Protein chains: 2
Amino acid sequence: MTLEKTPKPTESELEILQVLWQHGASTVRLVHEELSKTKEVGYTTTLKLMQIMAEKGMLEADKTSRSHIYRPLLEEEKTQQQLLDRFMDAAFRGSASKLVMQALGNSNTSKEELNEIRNLLDKLEGGNK
Amino acid sequence: MTLEKTPKPTESELEILQVLWQHGASTVRLVHEELSKTKEVGYTTTLKLMQIMAEKGMLEADKTSRSHIYRPLLEEEKTQQQLLDRFMDAAFRGSASKLVMQALGNSNTSKEELNEIRNLLDKLEGGNK
DNA sequence: TTCCTTTTACGAAAACATTCGTATATACTT
DNA sequence: AAGTATATACGAATGTTTTCGTAAAAGGAA
């Protein structure tokens with residue numbers, strides 16, 4: 001089995017991935033327009049970043065038409081999990097419960113979402129000592 | 001009220017803060033020894049980082065004795081909250097529940113901790129629609 | 001004192017990440 | 001076809017973070 005090094009998207013790369021995860025495969029133009037909603041950034045900057053990401057194997061470019069279409073090669077949930085693991089270690093010394101408590105305590109989560117979490121807790125308590 | 005810019009410790013800086021939060025004010029030597037347990041790093045590298053952090057106002061150095069003693073000026077919980085907010089936006093598009101579900105689903109959290117979280121949920125459901 | 005060890009000071013290199021100017025190609029409009 | 005708009009290619013500048021070599025200062029041991 002080949003050792004797969006876990007990719008570590010930078011902050012800017014993650015922004016781009018988010019757009020692609022949300023919208024599906026897209027042109028640089030579309031991604032750039034989405035990013036422009038939140039921050040000032042030049043078109044060629046976005047282009048360059050996406051080209052670099054393609055080199056790194058995070059994206060794949062379909063070059064058949066003039067406007068290349070980029071598709072994310074990283075799965076959203078898997079990537080989130082990897083980022084989360086790293087973040088939990090770095091910021092909370094690995095304590096999931098501390099992280100969760102702070103995440104819940106300081107954000108308005110809807111009743112529905114809280115219920116979802118409660119259900120997960122029920123399921124988990126089954127298997128834990 | 002003076003505008004307090006939220007500090008953004010880098011990854012290395014955060015590692016140092018963790019040591020100081022855990023052990024309390026310490027010398028470069030101690031911090032360096034702790035870091036060395038997990039990774040290869042030169043002593044002067046650690047020193048330099050801590051000096052930079054002092055310049056930035058993250059640490060305060062007591063220079064009365066030859067081995068300076070560094071004290072963290074950032075509060076642990078407050079800093080964690082700020083990092084968490086940023087991370088939640090960047091990696092989970094701001095969804096606390098998604099983050100929480102993934103954090104719980106993929107880590108063995110003890111029954112006691114799960115109960116703590118359940119209690120928090122109970123308290124939260126009171127105030128939410 | 002002299003030698004050895006530990007510490008801080010300083011500056012610069014190395015490694016990454018981000019940004020963008022300019023050139024060139026491709027398509028669209030008139 | 002000529003002119004305009006939009007795309008990619010390329011390379012380099014800029015910015016940030018991390019690393020460490022070297023020197024000087026301070027302290028301890030012989």
Side-chain angles (χ1 to χ4, degrees), chain A residues 5-20 25-71 74 79 83 86-87 90-91, chain B residues 5-20 25-71 74 79 83 86-87 90-91:
Chain A
K5 215 179 75 183
T6 71
K8 221 217 166 189
T10 67
E11 221 169 293
S12 303
E13 288 171 346
L14 190 53
E15 288 179 340
I16 288 171
L17 282 171
Q18 293 293 3
V19 173
L20 293 176
S26 311
T27 60
V28 173
R29 174 62 54 191
L30 184 142
V31 171
H32 177 247
E33 238 126 57
E34 285 302 310
L35 296 186
S36 298
K37 289 180 182 171
T38 13
K39 67 170 193 178
E40 185 78 9
V41 60
Y43 176 85
T44 51
T45 301
T46 304
L47 170 66
K48 181 68 165 189
L49 272 172
M50 291 177 71
Q51 288 172 337
I52 290 171
M53 291 171 77
E55 272 175 26
K56 290 190 190 171
M58 293 177 177
L59 307 183
E60 187 185 51
D62 172 352
K63 301 185 176 179
T64 51
S65 50
R66 182 160 91 104
S67 294
H68 301 175
I69 295 180
Y70 288 84
R71 180 171 75 82
L74 304 184
T79 305
L83 293 172
R86 277 205 207 88
F87 178 75
Chain B
K5 214 179 74 182
T6 72
K8 221 217 166 190
T10 68
E11 221 170 294
S12 303
E13 288 170 345
L14 190 53
E15 288 179 340
I16 289 171
L17 282 170
Q18 294 292 3
V19 174
L20 293 175
S26 311
T27 60
V28 174
R29 174 61 55 190
L30 185 141
V31 170
H32 177 245
E33 239 126 58
E34 285 302 311
L35 296 186
S36 298
K37 289 179 182 171
T38 15
K39 66 169 195 178
E40 184 78 9
V41 59
Y43 176 84
T44 51
T45 302
T46 305
L47 170 67
K48 181 67 165 190
L49 272 171
M50 291 176 72
Q51 287 172 336
I52 290 172
M53 290 172 77
E55 273 175 27
K56 291 190 190 171
M58 293 177 177
L59 307 183
E60 187 186 52
D62 172 352
K63 303 185 174 177
T64 51
S65 49
R66 182 159 92 104
S67 296
H68 300 174
I69 295 180
Y70 289 84
R71 180 172 76 81
L74 302 184
T79 305
L83 293 171
R86 278 203 207 90
F87 177 75

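Numbers restart at 1 for each chain; the letters A, B, ... are given by sequence-line order, proteins then strands. No hydrogens, no waters, no symmetry mates; every other heavy atom, side chains included, goes into these values. Quick caveat, the model's predicted, so the values are computed rather than measured.
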Take atom [atom1] of [X] and atom [atom2] of [N], then tell me their distance rounded to the nearest Å.
| X | N | atom1 | atom2 | result |
| --- | --- | --- | --- | --- |
| A:His32 | C:dT19 | NE2 | C1' | 11 Å |
| A:Met50 | C:dA17 | CE | P | 18 Å |
| A:Glu13 | C:dA17 | CD | P | 7 Å |
| B:Ile52 | D:dT18 | CD1 | P | 9 Å |
| A:Lys39 | C:dC20 | NZ | C1' | 14 Å |
| A:Lys8 | C:dA15 | NZ | P | 18 Å |

Assign a letter to each nucleotide of nucleotides 4-15 of chain D from its 5' end: B, base within under 4.0 Å of a protein heavy atom; S, sugar-phosphate only; -, no contact. --BBBB-B----
Summary of salt bridge (Lys or Arg N to Asp or Glu O under 4.0 Å) pairs that have at least one residue in residues 54-64 of chain A, sequence neighbours excluded: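 Every pair satisfying salt bridge (Lys or Arg N to Asp or Glu O under 4.0 Å) with a residue in residues 54-64 of chain A: A:Glu13-A:Lys56, A:Glu60-A:Arg71.
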What residue pairs, at least two apart or across chains, pass salt bridge (Lys or Arg N to Asp or Glu O under 4.0 Å) with a residue in residues 34-52 of chain A? A:Glu15-A:Lys39, A:Glu34-A:Lys37
Name the one of A:Val41, A:Ile52, A:Leu49 that satisfies side chain to side chain contact (heavy atoms under 4.5 Å, CB included) with A:Ser12?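 So the option named by the test is A:Leu49.
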Shortest non-hydrogen contact between A:Val19 and A:Leu35, atoms and distance: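 Looking at all heavy atoms of both residues, the closest pair is CG2-CD2, 4.0 Å.
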To check you understand the geometry: which heavy-atom pair defines the closest contact between B:Ile69 and B:Ala25, and what is its length? CG2-CB, 3.8 Å
Should [X] be listed as having a side-chain N or O under 4.0 Å from OP1 or OP2 of [N]?
| X | N | value |
| --- | --- | --- |
| A:Thr10 | C:dT18 | yes |
| A:Ser12 | C:dA17 | no |
| A:Thr45 | C:dC20 | yes |

Is it the case that the side chain of B:Thr27 and the backbone of B:Leu30 share a donor-acceptor pair, with hydrogens and angles ignored and the cut-off at 3.5 Å? yes
Which pairs count as ring pair (Phe, Tyr, Trp, His ring centres under 6.0 Å) when at least one residue sits in residues 29-67 of chain B, sequence neighbours excluded?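 Matches after skipping sequence neighbours: B:His32-B:Tyr43.
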Near DNA chain C, under 4.0 Å by heavy atom, which residues of residues 53-62 of chain A?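 Close to the strand, none.
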Quick check: do B:Met53 and B:Leu17 have side-chain heavy atoms less than 4.5 Å from each other?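 They are in contact (side-chain heavy atoms under 4.5 Å apart), so the answer is yes.
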Can you name the residues that form a side chain to side chain donor-acceptor pair (under 3.5 Å) with A:Arg86, not counting sequence neighbours? A:Thr6
